[in-house]
Amino acid sequence: MESFGACLDGRSLLRQLSASRSPVRLLVLLLFFAGPVWGAVAGLPGGDPSDSFAAARRVMIERDLRGRGIKDARVLKAMEAVPRHLFVPEELRGSAYNDRPLPIGSGQTISQPYIVAFMTELLALKPSDKVLEIGTGSGYQTAVLAELAASVYSIEIVPSLGERAKKILEALGHRNVEIKLGDGFFGWEERGPFDAILVTAAAPKIPEPLWSQLREGGRLVMPLGEQRRTQKLIRVKKSAGKQVVEDFSDVLFVPLRGAIENPPR
Ligand code: SAH
């Protein structure tokens, strides 16, 4: 079983990296040491704090994403472009580039960077794609999708989260995103069909409306399983109208709320 929460601690990472002379690892080492130095310099009067976040973000890309097997260059570039620290509560900004989920209020969490990268990679987005996301949360994953696709439609059931995400995404200039407040179980029929659908909360089965709003050849990625147990990350492709299911590692997500909790008898 693989846990996405687990990550090498700093010391063992350095030990492993020091043993190697490959250019990529040397670059990671450089970033590892340079990050805190830049951070300290940026903290001095006249320093720009956004530089220290950029350095921390590069460390995250090399150590937690590329270092753990994320290969898609477009995904890596998108995650280098999106300022994750702006999507977390202000008091947690210092931890924004650690490979961890963080609380965002209303009992919800922003997914850890590795998971965001992995799910995005599984969607195999083309620049012309139209994407539906269920569970906007902080809006961070939405921003990553917006870097990679033509348009992103995202639905959030907790109004305060959806409103906050909308403001941040607007402030960052993502004009290809539309956010709706409501139950994502029903999808967004008027905006469909979609080339890709991403569900960022766990459910015991694929919501039927989402499946029917997926275009032929489209991909749906979601954590499948019961709440508070590990779930399987799955990718379902629509091929000649049929489900082609692949499953990946075990994950732990908050549950999908709303209609799916009270199925009709
Ligand atoms: N991907 C986001 C949030 C992940 S947490 C991020 O990284 O920030 C999952 C989110 O799904 C939470 O914000 C939760 O409120 C939302 N959610 C749960 N059930 C939902 C439903 N039925 N429709 C829409 N959003 C839902």
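None of the values given here were measured: they were computed from a predicted structure. All ligand and atom numbering here is 1-based and tracks the order in the structure. The analysis underlying the following values was restricted to heavy atoms, covering all of them including side chains, and did not include hydrogens, waters or symmetry mates.
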Quick one about Ser154 and Glu133 (side-chain donor to acceptor, distance below 3.5 Å, no hydrogens or angles considered), yes or no?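 There is such a pair between these side chains.
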Assess the side chains of Thr120 and Gln141: does a donor N or O sit below 3.5 Å from an acceptor N or O?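 There is such a pair between these side chains.
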Which protein residues have a heavy atom under 4.0 Å from ligand 1?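 Only Gln108, Thr109, Ile110, Ser111, Ile134, Gly135, Thr136, Gly137, Ser138, Gln141, Ile155, Glu156, Ile157, Val158, Leu161, Gly182, Asp183, Gly184, Thr200, Val254, Pro255, Leu256, Arg257 have heavy atoms that fall under 4.0 Å of ligand 1, ordered by chain and number.
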Can you sort out the partners of Arg84 under salt bridge (charged side-chain N to carboxylate O under 4.0 Å, His left out), two or more places apart, ordered by chain and number?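 For Arg84 there are no salt bridge (charged side-chain N to carboxylate O under 4.0 Å, His left out) partners, ignoring immediate neighbours.
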Gap between atom CD1 of Ile197 and atom CG of Leu220 - 0.5 Å precision: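 Leu220 CG to Ile197 CD1: 5.0 Å, rounded to 0.5 Å.
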Filter on ring pair (Phe, Tyr, Trp, His ring centres under 6.0 Å), then keep only pairs touching residues 119-177, sequence neighbours left out; what's left?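 Only Phe87-Tyr140, Tyr153-Trp188 qualify under ring pair (Phe, Tyr, Trp, His ring centres under 6.0 Å).
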With a cut-off of 3.5 Å and sequence neighbours excluded, list every side-chain donor-acceptor pair involving residues 70-80.
{"from": "Asp72", "atom 1": "OD1", "to": "Arg74", "atom 2": "N", "distance (Å)": "2.9"}
{"from": "Asp72", "atom 1": "OD1", "to": "Val75", "atom 2": "N", "distance (Å)": "3.4"}
{"from": "Arg74", "atom 1": "NH1", "to": "Leu125", "atom 2": "O", "distance (Å)": "2.7"}
{"from": "Arg74", "atom 1": "NH2", "to": "Leu148", "atom 2": "O", "distance (Å)": "2.9"}

